[in-house]
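The structure under discussion appears below in the form of structure tokens.
Note that these values count all heavy atoms, side chains included, but never hydrogens, waters or copies made by symmetry. Convention: sequence-line order gives letters A, B, ...; per-chain numbering from 1.
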Protein chains: 2
Amino acid sequence: MEYKIASHIAEMKPSAIREIFKVLADPKVIALSAGEPDAASLPKEEMAEIGAEIFANEAAAALQYGMTEGYQPLRDLTKKRMREKYNIGTDDDELIITTGGQQTISLFTQTMIDKGDTIICEGPSFIGALNAFRSFGANLKSVPMDDEGMRMDKLEEVLATTERVKFIYVIPTFQNPTGRTMSLERRRQLLELAKKYDVLILEDNPYFELRYEGEPVPTIKSMDTEGRVVYAGSYSKVLSPGMRIGYCIANKEIINRMVVCKQVSDVHTNLYFQMLVAKYLERFDLDAHIADMCKLHKEKRDAMLNACEKYFDKRVTYTHPNGGLFIWCELPEGYDSFKLCQLITEKKVACVPGNAFSVDESAVCNGFRMNFSKPSLEQIETACARIGEAMQEFLK
Amino acid sequence: MEYKIASHIAEMKPSAIREIFKVLADPKVIALSAGEPDAASLPKEEMAEIGAEIFANEAAAALQYGMTEGYQPLRDLTKKRMREKYNIGTDDDELIITTGGQQTISLFTQTMIDKGDTIICEGPSFIGALNAFRSFGANLKSVPMDDEGMRMDKLEEVLATTERVKFIYVIPTFQNPTGRTMSLERRRQLLELAKKYDVLILEDNPYFELRYEGEPVPTIKSMDTEGRVVYAGSYSKVLSPGMRIGYCIANKEIINRMVVCKQVSDVHTNLYFQMLVAKYLERFDLDAHIADMCKLHKEKRDAMLNACEKYFDKRVTYTHPNGGLFIWCELPEGYDSFKLCQLITEKKVACVPGNAFSVDESAVCNGFRMNFSKPSLEQIETACARIGEAMQEFLK
């Protein structure tokens with residue numbers, strides 16, 4: 001039979017990058033396409049120990065239904081840590097536990113967006129967020145970036161000329177896909193422009209604690225005095241992506257609406273792992289664990305930067321991120337990175353072409369994303385050598 | 001600041017039953033308001049054993065990202081069991097693992113509904129589904145039930161006079177909140193009417209394996225030859241609600257769209273528990289476990305039916321469900337069960353008034369829902385005695 005799919009869902013086309021991702025089934029392919037921390041860096045023994053205790057002492061509670069807002073001790077511990085350590089959250093704010101940072105994006109979008117409303121984002125930006133916005137029928141406008149992040153002159157142009165803008169979506173620290181960090185000055189300007197045009201800001205900040213050098217930059221949320229910033233946090237990059245635990249800190253009125261949406265989305269987040277993370281925070285030193293993770297990831301970032309220097313064509317540029325998981329590489333203007341990535345795929349390496357991160361996926365993009373956290377040091381060297389070869393063939 | 005919430009989200013009012021639920025914080029209150037199986041009946045030791053093994057042998061895989069569609073062994077085992085045991089699923093169908101049955105409802109609704117489309121449901125129906133439908137801007141029409149389930153004459157009236165109906169939502173077996181089971185004849189008629197008016201059916205079937213007596217009735221999905229029925233299944237009521245693992249079986253085209261929506265909703269369901277359930281299915285006898293659960297739950301159902309008989313006013317009627325978790329009680333026509341439930345609350349018992357399950361929550365409803373799986377046998381006796389007292393005062 002013929003199905004009448006919702007109009008804005010029907011418009012969402014299967015992404016061209018799916019074809020590139022198919023090659024990942026081949027175990028010989030080196031994946032620089034991932035977005036997850038090094039598996040060796042996750043606190044497996046500690047989690048196993050706590051997990052066994054929960055089954056031994058609190059199994060009945062852990063296996064039954066929980067509160068939609070989240071497991072209270074985890075909410076309290078997360079609130080306390082984010083407020084004391086990062087000045088995130090006010091007395092007018094509330095915190096909800098979500099099924100990963102992705103669910104914060106989805107619930108907030110559902111809460112705010114009427115079909116046809118506009119969301120402004122960085123160009124390029126995180127594909128999972130762009131598709132979440134599309135899945136609720138939002139219009140997307142992207143604003144170009146430079147080394148300091150989203151360009152504020154361009155942002156104001158868009159704000160001044162676009163109707164029904166509901167919010168601006170940014171990943172200010174170690175951005176996905178570029179690895180760039182928005183400067184403090186830009187963050188202040190962003191908040192000012194959001195005030196001037198009365199729109200909200202969704203600050204998606206899953207990577208910020210994976211900093212390998214340089215001084216931390218205050219979050220936009222920490223500068224927010226009037227409830228204009230909605231903060232998406234996550235335990236995915238510092239404890240485990242697969243357990244799916246994130247959180248959102250925002251004004252109570254927004255959180256209350258998001259709770260209603262979460263109730264009907266999945267009732268609540270897996271309760272056993274909420275308990276596990278709460279006990280981890282009580283018993284272990286998350287900051288020390290993150291410091292260990294940073295050491296390991298810094299080594300990999302350095303290895304990739306060195307390999308880029310060694311193997312890449314000199315006409316190619318790439319970012320030097322102070323943290324996070326990604327390096328963004330740009331071919332000279334006019335070259336199509338999608339074609340290069342196809343060539344790279346033939347050499348058994350997977351990268352993500354930049355058009356996947358674009359509001360207009362069909363436009364030619366000269367950038368592509370490389371992940372350095374998942375591959376081994378050896379794989380990083382091999383992969384970059386092969387990418388260098390592909391560049392030689394492609395740019396000649 | 002003032003927030004411009006999405007219009008159909010802004011219209012969703014906090015439910016009046018929240019007030020009644022607040023009393024649950026008082027440990028002296030006996031909750032007949034729950035919707036979960038008896039905690040003693042969950043296979044805690046078996047799950048603990050498998051859980052420890054996963055941490056010992058496959059922690060890295062379990063803690064990293066997984067496929068949006070679900071953990072392949074769990075998908076395969078679930079498909080096989082549902083097809084071989086219940087004739088559910090065809091070669092044109094596919095299965096996706098969801099974060100509980102609630103997510104199947106939410107993803108399917110997002111996939112199908114343009115704002116203003118209509119969904120037809122039973123009156124009364126599951127509040128979590130009604131609110132999911134509302135959260136995507138659907139119009140709701142309810143069709144009254146009798147002891148055989150949704151009335152087909154009334155359904156055809158609605159179908160014949162309503163524009164833009166996308167699907168019919170039913171919980172045909174041990175319905176929430178009534179405990180009623182739709183007869184085989186009605187199921188056939190429902191499928192015929194869906195064909196005649198070219199609409200889909202969402203068959204929500206979380207309770208059907210908790211049958212305490214009587215012959216099983218074939219699912220609507222098992223009679224579906226053309227991909228018209230979307231089947232929402234769940235492990236919540238037979239293994240654990242808190243782990244949030246459900247599944248959807250439907251035509252590939254629909255599942256493919258739902259995968260896109262799930263990707264942007266929560267990326268994937270908690271991977272550790274997907275692995276845990278897969279290993280449970282491989283190693284233990286789920287059917288034997290369910291048979292044990294049924295013994296325990298039958299005893300509680302019988303206890304509640306006996307207590308109703310003993311304590312309730314003779315003008316009050318109640319359903320005699322062959323399974324599931326709920327008994328539905330009706331006051332004589334015209335009485336407002338919401339007021340009775342408030343009185344019951346004062347006597348330290350929590351029931352859910354019927355208007356919570358209505359498309360129009362403000363309309364007077366004479367029914368209310370009682371759960372028999374969570375309270376102890378002693379609590380069932382005490383609670384029903386108190387409800388009986390409240391009825392005496394209320395109906396005099």
Could you tell me whether A/Lys4 and B/Asp117 make a salt bridge, using a distance below 4.0 angstrom between a side-chain N and a carboxylate O?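 Salt bridge between A/Lys4 and B/Asp117, a charged N being under 4.0 Å from a carboxylate O: no.
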
Measure distances from [X] to the heavy atoms of chain B and classify the residue's part below 4.5 Å as side chain, backbone, both or neither.
X: A/Ala62; answer: backbone
X: A/Leu200; answer: side chain
X: A/Lys237; answer: side chain

Among the options A/Asp92, A/Val267, A/Leu271, pick out the one with the most heavy-atom pairs lying under 4.5 Å from chain B. A/Val267

So which of A/Asn270, A/Ile5, A/Ile9 has the biggest tally of heavy-atom pairs under 4.5 Å with chain B? A/Asn270

Using the rule given for side chain to side chain contact (heavy atoms under 4.5 Å, CB included), can you reason through A/Tyr197 versus A/Val165, listing the C-alpha separation, both sets of side-chain angles and the distance that settles it, and then say yes or no? CA-CA 9 Å; A/Tyr197 291 90; A/Val165 176; over 6 Å; no

Which atoms of [X] are under 4.5 Å from chain A, going by heavy atoms: the side chain, the backbone, both sets, or neither?
X: B/Glu253; value: side chain
X: B/Ala60; value: both
X: B/Arg134; value: neither
X: B/Phe273; value: side chain
X: B/Asp198; value: both
X: B/Lys195; value: neither
X: B/Lys166; value: side chain
X: B/Thr104; value: neither

Evaluate the side chain to side chain contact (heavy atoms under 4.5 Å, CB included) criterion for residues A/His289 and A/Glu46: first the C-alpha distance (whole Å), next the side-chain angles of each, then the deciding distance (0.1 Å), finally the verdict. CA-CA 11 Å; A/His289 161 66; A/Glu46 294 86 343; over 6 Å; no

Do you know which of [options] has the most heavy-atom pairs under 4.5 Å to chain A?
options: B/Pro241, B/Gly66, B/Ser106; result: B/Pro241
options: B/Lys44, B/Gln103, B/Glu36; result: B/Glu36
options: B/Ile105, B/Leu63, B/Thr99; result: B/Leu63
options: B/Arg228, B/Met1, B/Gln64; result: B/Gln64
options: B/Leu239, B/Thr98, B/Ile254, B/Leu130; result: B/Ile254

Interface residues of residues 107-115 of chain A facing chain B - heavy atom cut-off under 4.5 Å: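 A/Gln110, A/Thr111, A/Met112, A/Ile113, A/Asp114, A/Lys115, listed by number.
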
Is the backbone N or O of A/Lys221 less than 3.5 Å from a side-chain atom of A/Asp224, with the two atoms forming a donor-acceptor pair by type? no

A/Asp93 side-chain N/O to A/Asn251 backbone N/O, donor-acceptor pair under 3.5 Å: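 It does hold such a pair.
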
Please work out whether the ring planes of B/Tyr272 and B/Phe55 are parallel, tilted or perpendicular, with thresholds of 30° and 60°. tilted

Parallel under 30°, tilted from 30 to 60°, perpendicular over 60°: which one fits the rings of A/Tyr235 and A/Tyr247?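 A/Tyr235 and A/Tyr247: tilted rings.
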
With a 4.5 Å cut-off on side-chain heavy atoms, are A/Glu49 and A/Tyr280 touching? no

Considering only heavy atoms from C-beta outward, does the side chain of B/Glu94 approach that of B/Glu69 to under 4.5 Å? no

Pair A/Asn256-A/Val260, side chain to side chain contact (heavy atoms under 4.5 Å, CB included): steps then yes or no: CA-CA 7 Å; A/Asn256 287 345; A/Val260 172; over 6 Å; no

Looking only at heavy atoms, what is the nearest atom pair of A/Arg244 and A/Gln102, with distance? NH2-CB, 4.1 Å

Derivation and outcome, side chain to side chain contact (heavy atoms under 4.5 Å, CB included), residues A/Ile245 and A/Leu74: CA-CA 10 Å; A/Ile245 298 195; A/Leu74 179 59; 4.2 Å; yes

Given A/Ser135, which partner from the list A/His8, A/Glu11, A/Met12 fulfils the side chain to side chain contact (heavy atoms under 4.5 Å, CB included) test? A/Met12

Going by atom types only, do B/Thr269 and B/Gln274 share a side-chain donor-acceptor pair under 3.5 Å?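 B/Thr269 vs B/Gln274: no donor-acceptor pair found between side chains.
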
